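What follows is one structure encoded as structure tokens, with my remarks underneath.
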Amino acid sequence: MKQMTPIIFHIDVNSAYLSWTAVEQLKNGAKVDVREIPAIIGGDQESRHGVVLAKSPAAKRYGIRTGEPVANAFRKCPNLAMYPPNHKMYREKSRMLMEYLRTFTKEIEQVSVDECYMDFTPIADRYNSPADGAIEIKEGIKKKFGFTVNIGISTNKLLAKMASDFEKPDKVHTLFPEEIQQKMWPLPIGELYMAGRSSVEVLKKLEINTIGDLARSDPELISLHLKSHGRMLWEFANGIGASAVQAEPEEAKGIGNSTTLREDAATYEDVCPVFEELAESVGRRLKKAGKKAGMVSMEIKYYDFRTNSHQVQLDRPTSDPKVLKETACSLFLEIWSGEPVRLLGIRTSKLVEESAPEQLSIFDIELPKEPDEKHKRLKKAMDELNARFGEGAVVKASMMKKNIRTDKEEREKEKSGKKKTGENQRGML
């Protein structure tokens with residue numbers, strides 16, 4: 001039997017936060033559709049703090065960009081209308097959309113509140129063409145919910161994502177492998193998926209200005225300047241990307257944690273301590289639930305609210321925070337664009353009972369060492385104290401700020417202070 005070529009859809013809500021706000025306002029009797037006037041979803045109306053989370057087409061014509069400070073947006077368009085975000089409502093709209101899409105196929109991979117991938121392959125034979133199927137889905141969403149989506153169609157997720165970013169809103173676009181040179185290569189390099197600002201600057205210095213320039217370049221040269229991220233970008237420019245949609249049952253359970261950083265993290269050294277804290281938290285929750293995780297996912301949200309995630313199947317289920325942290329750090333390095341990071345997260349799935357037997361190799365079988373047992377007892381005591389007195393009651397010294405002086409340092413400081421006082425007094429005589 002001949003294997004079918006995969007057909008993957010990327011479905012993306014147009015200006016999701018603004019569209020969902022408009023739909024809700026119209027439902028409640030509003031006379032103006034905020035999608036048709038210069039409008040944004042952002043921070044506080046009076047103080048004009050925060051950043052632009054979504055913008056209308058009319059606001060875009062004033063040069064307003066997602067992620068820029070709200071104050072800048074008002075300077076560009078003084079009569080701009082602004083509305084606060086309502087994340088509870090967004091989650092409900094998202095849930096309704098995903099439920100509707102699952103009436104077509106269960107092969108749905110949701111990657112953010114307003115976008116998902118659909119493996120259209122199993123239902124492709126119901127339609128004259130993939131484009132016909134996409135149009136039916138797109139029009140159904142508009143009729144049922146009152147907002148619009150873009151749908152990109154290709155043979156893998158990367159190209160489907162690139163296709164959905166073509167002309168907006170309310171459009172269906174294809175980007176099959178044979179269309180890459182015509183439709184994708186002429187685009188500016190900054191429009192390539194995961195080509196962040198710092199990567200684009202490096203590539204432009206190498207006289208790589210379009211996606212086609214990158215695709216035709218030497219991958220070894222790109223890797224020399226941008227390491228593994230450069231190799232990934234070169235593959236993306238040539239249309240090479242994952243095709244499998246990672247659909248999960250709706251009842252799938254997992255344990256995870258994420259945190260929004262007080263300041264954007266700009267280096268790998270800034271990120272590692274955050275992952276350590278998250279791994280400790282997730283590890284404790286796994287142990288409390290009596291579970292081990294067979295899969296670890298790592299989530300990044302960049303300074304401009306773009307999100308990306310990466311996951312890996314573990315060789316052996318675990319709840320060990322050290323393994324969770326090392327895995328998350330490794331996943332981070334594989335996909336990080338080098339740009340400032342606003343949020344980090346660790347999520348575990350494919351959970352098994354803590355008592356489930358493990359398959360060991362001969363390399364795993366060795367006599368326990370005394371220091372390991374000592375550390376296990378110490379770790380157990382820390383977990384018990386944190387469980388009793390609250391998370392963070394006991395932390396590693398390495399995670400504390402270096403602002404605690406030893407007794408010796410205090411004596412030296414006191415001695416130095418007395419000496420300086422004596423000198424000042426002599427100088428005054």
Side-chain angles (χ1 to χ4, degrees), residues 3-16 101 104-105 107-112 114-139 141-142 148-196 199-200 203 208-217 219 222 229-247 306-309 335 337:
Q3 188 172 0
M4 286 186 67
T5 301
I7 300 294
I8 309 298
F9 287 3
H10 180 258
I11 304 170
D12 188 12
V13 180
N14 299 133
S15 299
L101 293 175
F104 291 87
T105 173
E107 298 301 309
I108 301 289
E109 177 185 352
Q110 185 171 4
V111 290
S112 71
D114 62 343
E115 62 178 321
C116 69
Y117 293 100
M118 172 188 285
D119 188 348
F120 188 74
T121 320
I123 59 173
D125 58 357
R126 302 180 195 171
Y127 301 88
N128 292 328
S129 69
D132 285 345
I135 290 169
E136 181 179 318
I137 292 170
K138 178 180 75 71
E139 293 302 314
I141 291 169
K142 183 160 52 174
T148 64
V149 300
N150 261 40
I151 301 182
I153 307 171
S154 191
T155 56
N156 66 36
K157 293 197 290 187
L158 164 73
L159 294 177
K161 166 72 174 173
M162 288 294 298
S164 72
D165 283 335
F166 291 162
E167 184 190 0
K168 297 181 178 183
D170 197 21
K171 295 285 193 295
V172 170
H173 299 285
T174 64
L175 182 57
F176 292 111
E178 62 271 18
E179 298 176 304
I180 289 175
Q181 292 189 26
Q182 176 194 352
K183 292 185 176 182
M184 189 170 81
W185 280 9
L187 298 175
I189 187 62
E191 293 192 27
L192 179 64
Y193 179 57
M194 291 302 294
S199 299
V200 168
L203 292 170
I208 293 172
N209 297 304
T210 68
I211 296 176
D213 291 341
L214 177 58
R216 290 184 289 263
S217 65
I222 306 303
H229 185 69
R231 179 75 189 202
M232 181 184 74
L233 290 177
W234 180 86
E235 290 178 354
F236 285 0
N238 282 283
I240 302 168
S243 59
V245 170
Q246 303 292 324
R306 285 177 296 115
T307 59
N308 199 10
S309 61
I335 66 168
S337 68

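As the structure is a computational prediction, the values presented were derived from the model and not from experiment.
- The minimum heavy-atom distance between Tyr117 and Lys157, with the atom names listed, is CE2-O, 3.4 Å.
- When side chains are defined from C-beta on, Leu101 counts as touching Ile141, because their heavy atoms get closer than 4.5 Å.
- A 6.0 Å sphere centred on CD of Gln182 holds no more than 12 heavy atoms belonging to other residues, nucleotides or ligands.
- Contact detail for Ser217 and Trp234: the closest heavy-atom pair is O-NE1, 3.1 Å.
- Residues that satisfy the salt bridge (charged side-chain N to carboxylate O under 4.0 Å, His left out) test with Glu139, not counting sequence neighbours, are Lys142.
- To the nearest 0.5 angstrom, Ile189 atom CD1 is 4.5 Å from Leu214 atom CG.
- Checked by atom type and distance alone, the side chain of Ser154 pairs as donor or acceptor with a backbone atom of Leu175 at under 3.5 Å.
- Heavy-atom minimum distance, Phe104 versus Met118: CB-CE, 4.3 Å.
- With no hydrogens or angles considered, a side-chain donor-acceptor pair links Thr174 and Lys183 at under 3.5 Å.
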Exercise. Would you check, one step at a time, whether the test side-chain contact (heavy atoms from CB on, under 4.5 Å) holds for Leu159 with Phe176?
Key: CA-CA 7 Å; Leu159 294 177; Phe176 292 111; over 6 Å; no
Exercise. Would you sort out whether Glu191 and Asp165 count as a side-chain contact (heavy atoms from CB on, under 4.5 Å), showing the intermediate values?
Key: CA-CA 9 Å; Glu191 293 192 27; Asp165 283 335; over 6 Å; no
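- Qualifying side chain to side chain contact (heavy atoms under 4.5 Å, CB included) partners for Val172, counting only residues two or more places apart in sequence or in other chains: Ala134, Ile135, Lys138, Ile151, Ile153.
- Using a 4.5 Å heavy-atom cutoff, the side chains of Leu192 and Leu187 are not in contact.
- The shortest heavy-atom contact between Thr121 and Ile7 is OG1-N, 2.9 Å.
- Taking NZ of Lys161 as the reference point, atom NE2 of His10 lies at 4.0 Å (rounded to 0.5 Å).
- Put simply, CE on Met232 and CE on Met194 are 4.5 Å apart, with the number rounded to the nearest 0.5 Å.
- Between His173 and Phe166, the angle of the ring planes goes over 60°, which puts this pair in the perpendicular group of the 30/60° scheme.
- Asp119 places no side-chain N or O within 3.5 Å of a backbone atom of Pro6 that could act as its donor or acceptor partner.
- The backbone N or O of Ala237 lies less than 3.5 Å from a partner atom in the side chain of Trp185, making a donor-acceptor pair.
- A donor-acceptor contact shorter than 3.5 Å is absent between the side chain of Glu115 and the backbone of Asp12.
- Distance CD1/Ile11 to SG/Cys116: 4.5 Å, rounded to 0.5 Å.
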Practice problem: Start with the C-alpha distance between Glu235 and Leu158, add both sets of side-chain angles, then the distance that settles side-chain contact (heavy atoms from CB on, under 4.5 Å), and finish with yes or no. | Solution: CA-CA 10 Å; Glu235 290 178 354; Leu158 164 73; over 6 Å; no
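- Within a 6.0 Å radius of CG in Asp125, other residues, nucleotides and ligands contribute more than 12 heavy atoms.
- Put simply, the side chain of Asn156 gets close to the backbone of Gly239: a donor and an acceptor are under 3.5 Å apart.
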Practice problem: Go through Leu233 and Ile222 one step at a time and tell me if the side-chain contact (heavy atoms from CB on, under 4.5 Å) criterion holds. | Solution: CA-CA 9 Å; Leu233 290 177; Ile222 306 303; 5.6 Å; no
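- In terms of the salt bridge (charged side-chain N to carboxylate O under 4.0 Å, His left out) criterion, Asp114 has no residue partners (sequence neighbours excluded).
- Here the side chains of Thr307 and Val111 are not in contact, with every heavy-atom distance at 4.5 Å or above.
- How far OH of Tyr193 is from CD1 of Ile211: 13.5 Å, rounded to the nearest 0.5 Å.
- No donor-acceptor distance shorter than 3.5 angstrom exists from the side chain of Asp170 to the backbone of Thr148, with no hydrogens or angles considered.
- For the residue pair Ala163 and Gly152, the shortest heavy atom distance occurs at CB-CA, 3.7 Å.
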